[in-house]
> 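Just dropping this structure here.
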Amino acid sequence: MLKQQLNFKLSQKLSPQQIQLMKLIQLPTQAFEQRIKQEIEENPALETGKDEQRDEYDYEDEYDNRDSEAEFDDNNEIDAEDINVDEYLSDDEIPSYRLQANNYSADDEEKRVPYAAGTSFTQHLRNQLNTFRFNENEFEIAEFLVGSIDESGYIRRNIPDIVDDLAFTQNVYTDEETVEKVLKKVQELDPAGVGGRSLQECLLIQLKRKEATRAVTLASEIIEESFDQFSKKHYTKLLSKHDISEDDLRDAIEVISHLNPKPGGAYSGNTRMVEHVIPDFTIKIVDGDLELSLNGRNAPEMHVSRDYSNMLKGYKESKKKTKEQKDAVMFIKQKLDAAKWFIEAIKQRQQTLMVTMSAIMHYQKEYFLTGDERNLRPMILKDIADEIEMDVSTVSRVANSKYVDTPYGTKLIKEFFSESMKNDQGEDVSTREIKKILEMSIEEEDKKKPLTDEKLAKVLKDKGYPIARRTVAKYREQLDIPVARLRKEI
């Protein structure tokens, strides 16, 4: 049986221009510059720099000529209503500027930093194999082992699996004893510690290369025989098991603390380009008050090409209009349209950034004047969105991708946002404030008797912040601070 129904559905679609504007707002300075460069390359009607003759002729006067518009077929116009917003916002569409490092300097002059190609970490290790005496079979095993070393310098696989892989993938038939023998040679390569199959073996390899002082010998014994107790900082058990004094143990721990747990990361040829942050805003304290400015790179001087607008003027003044001229001028108008929109979008972006950051700056005025994180007020995206009468998503786009240069360093704007909790006087306090006090309490603790989460909860309660032990544990983990047992020092 067929059934007919009439459903009404109210939906709101964003125009392609609105979507592009949101994307522009989201871009940090470096990516924004790349976007402008891309637009200029794609649209010859868009130019940068001052237009000295701007006052003599206004493109808008000619562009708004309704008579010429009437001469074109309506079918030339683009119908944007059926555009799927999801296609524009797809995460799969990653523009090239998102894949480039932010390696500009903070001033207005663009500077490029050259990077040497260098030698890869694996190639560096392979080159050293030539200094050993291997037969052909052993050399192939050694090369395979070096190829199995990860970027941290470890071999993460057991010997039986390596023997199987050599047979199946390299056509090299051997046994575990031979692989172990070759591995010992590979572990003699530089940097010290490479080829270890565990942290314990990695540290022992490094200790064996050191001069055999009492502290080094004791450190080797502790790592080899009592690694579990050492990693858990059971110092009392170590003192008893090895029959040593606290000074001896302290010296051994000092030696171990200078070893490299990731020897692969120490190789200079394995370095990665550091991504430099370009602040989008600057906040300064001038005569006791805050002053906000937008990075000049976010406010480029752009204008519509005079050559292109003159082409429209020439078309208007010509008496005979051929079909070829009409097609050409249609193309010109589309480019001028796009250029005009892009310039307007940049202005809207600047205004949105300044309005949003200004509201955040005034909301967190006490923090920006003092730099003390305990003065950060609880602040969520909706607080700022309500203040500037914009959508929460717009504030989010500004906060999640922009940096501000403050007297206390360059900060990611979203770091100023936090939830609120009540103190013992019923006042709203920022969770960032509580985390800062928790961090300071741990810094001031007696490291021989570090405070447990339960004791930390009591300390915070005494300071006026009644929070549960599990909340203390959560904040401690968010701060990357280990449990009390692992903070213990001898």
Side-chain angles (χ1 to χ4, degrees), residues 222 226 228-240 245-247 249-254 256-258 261 285 360-361 363-384 399 404 406-490:
I222 289 172
S226 311
D228 191 50
Q229 287 96 326
F230 170 77
S231 61
K232 292 178 179 177
K233 295 196 174 185
H234 290 162
Y235 295 139
T236 306
K237 292 181 181 179
L238 292 175
L239 292 170
S240 175
S245 66
E246 285 191 2
D247 287 340
L249 180 57
R250 194 176 290 109
D251 291 343
I253 291 172
E254 179 69 15
I256 296 169
S257 68
H258 285 86
I285 301 174
I360 293 170
M361 181 182 75
Y363 202 96
Q364 300 290 4
K365 185 174 182 178
E366 285 302 312
Y367 165 75
F368 287 115
L369 285 173
T370 63
D372 189 342
E373 289 190 4
R374 289 172 294 182
N375 288 334
L376 275 172
R377 294 172 59 191
M379 179 177 71
I380 59 175
L381 294 172
K382 191 174 184 302
D383 293 329
I384 300 302
V404 57
T406 74
Y408 324 104
T410 301
K411 311 284 186 181
L412 183 61
I413 294 170
K414 74 174 182 180
E415 292 178 1
F416 303 130
F417 290 84
S418 64
E419 297 290 338
S420 65
M421 293 188 70
K422 300 280 186 185
N423 63 13
D424 57 356
Q425 296 177 353
E427 299 171 334
D428 283 335
V429 292
S430 168
T431 52
R432 297 248 334 182
E433 177 183 337
I434 296 173
K435 286 180 185 178
K436 186 65 180 177
I437 293 170
L438 174 63
E439 195 173 23
M440 291 171 64
S441 299
I442 291 173
E443 286 177 3
E444 294 167 359
E445 71 184 0
D446 180 359
K447 294 303 178 185
K448 290 189 176 182
K449 295 180 181 179
L451 299 170
T452 62
D453 291 341
E454 193 171 341
K455 290 180 179 176
L456 285 168
K458 188 176 184 306
V459 169
L460 288 170
K461 185 178 180 181
D462 293 342
K463 292 185 177 182
Y465 304 94
I467 60 175
R469 182 202 60 79
R470 63 179 178 275
T471 307
V472 169
K474 181 178 77 172
Y475 290 168
R476 177 180 52 72
E477 288 170 2
Q478 289 173 351
L479 291 166
D480 288 328
I481 297 174
V483 295
R485 176 171 49 79
L486 297 180
R487 299 199 305 271
K488 187 177 181 182
E489 295 178 4
I490 186 71

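Please read these numbers as outputs of a predicted model, since none were measured by experiment. What you see below is based on every heavy atom in this structure, not just the backbone, and it leaves out hydrogens, waters and symmetry mates.
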> Measure from the side-chain N and O atoms of Tyr408 to the backbone N and O of Thr370, and report whether any donor-acceptor pair falls under 3.5 Å.
yes
> If you define the side chain from C-beta out and look only at heavy atoms, does anything of Val472 sit under 4.5 Å from Ile467?
yes
> Nearest 0.5 angstrom please: Ser226 OG to Lys237 NZ, how far?
11.0 Å
> Only counting residues at least two apart or in another chain, list the ones meeting side-chain hydrogen bond (donor to acceptor under 3.5 Å, both in side chains) with Lys455.
none
> Taking atom CG of Leu238 and atom NZ of Lys232, what is their separation to the nearest 0.5 Å?
12.0 Å
> Using 0.5 Å steps for rounding, measure from the CD atom of Glu444 to the CG atom of Leu451.
10.0 Å
> Mind checking the CD-CD1 spacing from Glu246 to Ile253? Nearest 0.5 Å is all I need.
10.0 Å
> Checking Ser441 now: which residues fulfil side-chain contact (heavy atoms from CB on, under 4.5 Å) with it, not counting sequence neighbours?
Ile437, Leu456, Val459, Lys463
> Kindly indicate whether the side chain of Asp247, heavy atoms from C-beta on, has any atom under 4.5 Å from the side chain of Arg250.
yes
> Got a second to check how far Glu439's CD is from Ile481's CD1, nearest 0.5 Å?
5.0 Å
> Has Lys435 got more than 12 heavy atoms of other residues, nucleotides or ligands less than 6.0 Å from its NZ?
yes
> Using salt bridge (charged side-chain N to carboxylate O under 4.0 Å, His left out) as the criterion, list what pairs up with Asp446, not counting sequence neighbours.
none
> Using modelled atom types and a 3.5 Å cut-off, is there a donor and acceptor pairing between side-chain atoms of Tyr475 and backbone atoms of Lys436?
no
> Is the count of non-hydrogen atoms from other residues, nucleotides or ligands lying under 6.0 Å from Glu415 atom CD greater than 12?
yes
> First locate atom CG of Asn375, then atom NZ of Lys365, and finally report the distance between them rounded to the nearest 0.5 Å.
13.0 Å
> Applying side-chain contact (heavy atoms from CB on, under 4.5 Å), can you list everything that pairs with Pro407, at least two apart in sequence or on another chain?
Ile285
> Count the heavy atoms of every other residue, nucleotide or ligand shown that sit under 6.0 Å from NZ of Lys458, and state whether that count exceeds 12.
no
> Restricting to non-hydrogen atoms, name the atom on Ile442 and the atom on Lys447 that form the minimum distance, rounded to 0.1 Å.
O-NZ, 3.0 Å
> Angle between ring planes, Phe416 versus Tyr367, binned at 30° and 60°: parallel, tilted or perpendicular?
tilted
> How would you list, by chain and number, every residue that makes a ring pair (Phe, Tyr, Trp, His ring centres under 6.0 Å) with Tyr235, sequence neighbours excluded?
none
> Tell me, which pairs form a salt bridge (charged side-chain N to carboxylate O under 4.0 Å, His left out) where one or both residues lie in residues 467-476, sequence neighbours left out?
Asp453-Arg476
> For the backbone of Glu254 and the side chain of Ser257, can you confirm whether one donor and one acceptor N or O come within less than 3.5 Å of each other?
yes
> If I compare all heavy atoms of Phe417 with all of Ala399, which pair ends up nearest, and what's the gap?
CE1-CB, 3.7 Å
> Under 4.5 Å between any side-chain heavy atoms of Leu249 and Ile222, yes or no?
yes
